[in-house]
Amino acid sequence: MSQEWPASGRENDGLGRDMELAEILTAIDPASRDPNYWLRFRSWVMAAAAPELGRRRLMRELTVGDLLASWARGVVPAAMAAAVIAALVLSRPSVAPTPTAVGVEELLIAGMEEEPIPATLSAGEGPSFVAFATETF
Amino acid sequence: MRRARTGDALAFGLLVQRYQRAAYSVAYSVTGRHEDAQDAAQESFLVALERLEECRSPERFAGWLMTIVRNRSRNLVRREVLRETDPVPLAASSGTPSPEQETERNELRESLGDALAALPEVQREIVLLHDLEGWKHREIADRIGIPSGTVRSHLHFARKALREALGAASGEKANRSET
């Protein structure tokens with residue numbers, strides 16, 4: 001290949017592929033020095049990609065049953081352990097104190113010395129004013 | 001692409017075979033170095049495999065992959081990451097060239113590298129994808145995400161600059177040989 005370029009001095013800019021330039025550019029194609037270069041390039045990539053390809057194949061081959069089984073392997077023992085613990089807790093004797101009955105009315109009037117006034121006034125039932133007496137009946 | 005998602009090595013191998021040269025060209029257009037372009041292109045295929053679910057449409061795989069290649073290449077240049085991958089050594093060609101041919105080819109490679117390095121990154125990428133890899137304007141436009149007319153414009157200026165640079169290099173060589 002000659003470095004005398006462009007030999008024809010042509011301006012090949014119909015912008016189709018410029019074969020003259022293409023030939024010059026092959027100088028940077030590694031295959032120009034090593035014909036097996038691209039074969040080995042691909043081999044290197046494939047070897048490096050093998051683990052990821054294997055992982056993807058494994059993921060595809062996993063069925064729903066496999067996923068459930070793998071899920072169950074962890075969950076079932078945990079559920080059994082929880083059930084055992086719950087059974088132990090429930091089987092222990094109860095120590096809660098027995099409640100005692102208390103009268104509500106007794107509690108409300110406890111400590112009061114005088115009897116409360118039994119009558120109440122309501123609107124329209126009496127005169128328009130109310131008087132309070134200080135005597136206790 | 002759908003088969004590659006399920007771990008089909010044959011399908012993924014076909015994707016690599018189909019796009020490895022373009023990936024290398026895009027990486028080279030960013031890094032300007034064979035070793036870095038090789039690393040970026042190879043790693044990009046691994047990243048793409050890990051993230052295949054992110055590429056919703058198989059029709060957009062090429063553009064999506066080239067975006068990964070471009071970003072990885074830029075990161076490689078920016079951070080000057082030490083090479084961690086096993087290199088693919090360039091073995092001797094089966095048709096062993098003569099010392100003169102080898103010298104001439106090395107000179108051409110050097111001149112071409114300099115000429116390409118002087119181009120804007122987008123022009124490097126376009127001229128390599130179009131004239132080296134044979135991609136069409138529309139394909140490049142779709143995969144880079146710019147209008148087809150802009151691709152043609154970049155291609156025109158890239159070719160013009162390469163012609164001038166390589167023509168100058170050729171003239172210098174001729175002058176040296178005469179003296």
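Letters A, B, ... mirror the listed sequences (proteins, then strands); counts begin at 1.
- A/Val45 approaches B/Leu46 most closely through the heavy-atom pair O-CD2, 3.7 Å.
- The CZ atom of B/Phe12 sits 9.0 Å away from the CD atom of A/Glu52 when rounded to the nearest 0.5 Å.
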For this session: Assess whether side-chain contact (heavy atoms from CB on, under 4.5 Å) is satisfied between A/Arg33 and B/His34, documenting all intermediate values.
Result: CA-CA 12 Å; A/Arg33 287 169 283 179; B/His34 163 72; 4.3 Å; yes

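- Using a 4.0 Å cut-off between charged side-chain N and carboxylate O, A/Arg56 and B/Glu50 make no salt bridge.
- Between B/Leu116 atom CG and A/Ile24 atom CD1 the span is 11.0 Å, to the nearest 0.5 Å.
- Taking CG of B/Leu108 as the start and CD of A/Glu23 as the end, the distance is 9.5 Å to the nearest 0.5 Å.
- B/Gln38 has its side chain within reach of A/Tyr37: a pair of non-hydrogen atoms, C-beta onward, lies under 4.5 Å apart.
- Of all the heavy atoms in B/Arg109 and A/Ser32, the pair that sits closest is NH2-OG, 4.1 Å.
- At a threshold of 4.5 Å between side-chain heavy atoms, the hydrophobic network of Ile, Leu, Val, Met, Phe, Trp and Tyr places A/Leu39 and B/Tyr19 in two separate groups.
- Atom CG of A/Leu25 sits about 8.5 Å away from atom OG of B/Ser25, to the nearest 0.5 Å.
- Top candidate by heavy-atom pairs under 4.5 Å with chain A, chosen from B/Trp135, B/Phe45, B/Tyr24, B/Tyr28, is B/Tyr24.
- In this structure, the separation between CG on A/Leu53 and CG on B/Leu49 is 5.0 Å, given to the nearest 0.5 Å.
- Salt-bridge annotation for A/Arg57 and B/Asp8: absent, with no side-chain N of the basic residue lying under 4.0 Å from a carboxylate O of the acidic one.
- Within 6.0 Å of CZ on B/Arg60 lie no more than 12 heavy atoms contributed by other residues, nucleotides or ligands.
- The minimum heavy-atom distance linking B/Leu132 with A/Ala22 is given by the pair CD1-O, 4.2 Å.
- B/Arg163 has a carboxylate O that lies under 4.0 Å from a charged side-chain N of A/Asp18, or vice versa, which qualifies the two as a salt bridge.
- Contact of B/Ala37 with chain A is not made at all, since no heavy-atom distance falls under 4.5 Å.
- Cluster membership check: B/Leu14 does not share its hydrophobic cluster with B/Leu65, using side-chain heavy-atom separations under 4.5 Å among Ile, Leu, Val, Met, Phe, Trp and Tyr.
- Going from atom CE of A/Met46 over to atom CG of B/Leu10 covers 8.0 Å, rounded to the nearest 0.5 Å.
- Taking B/Lys136, B/Arg5, B/Glu133, B/Arg21 one by one and counting their heavy-atom pairs under 4.5 Å with chain A, the maximum is reached by B/Arg21.
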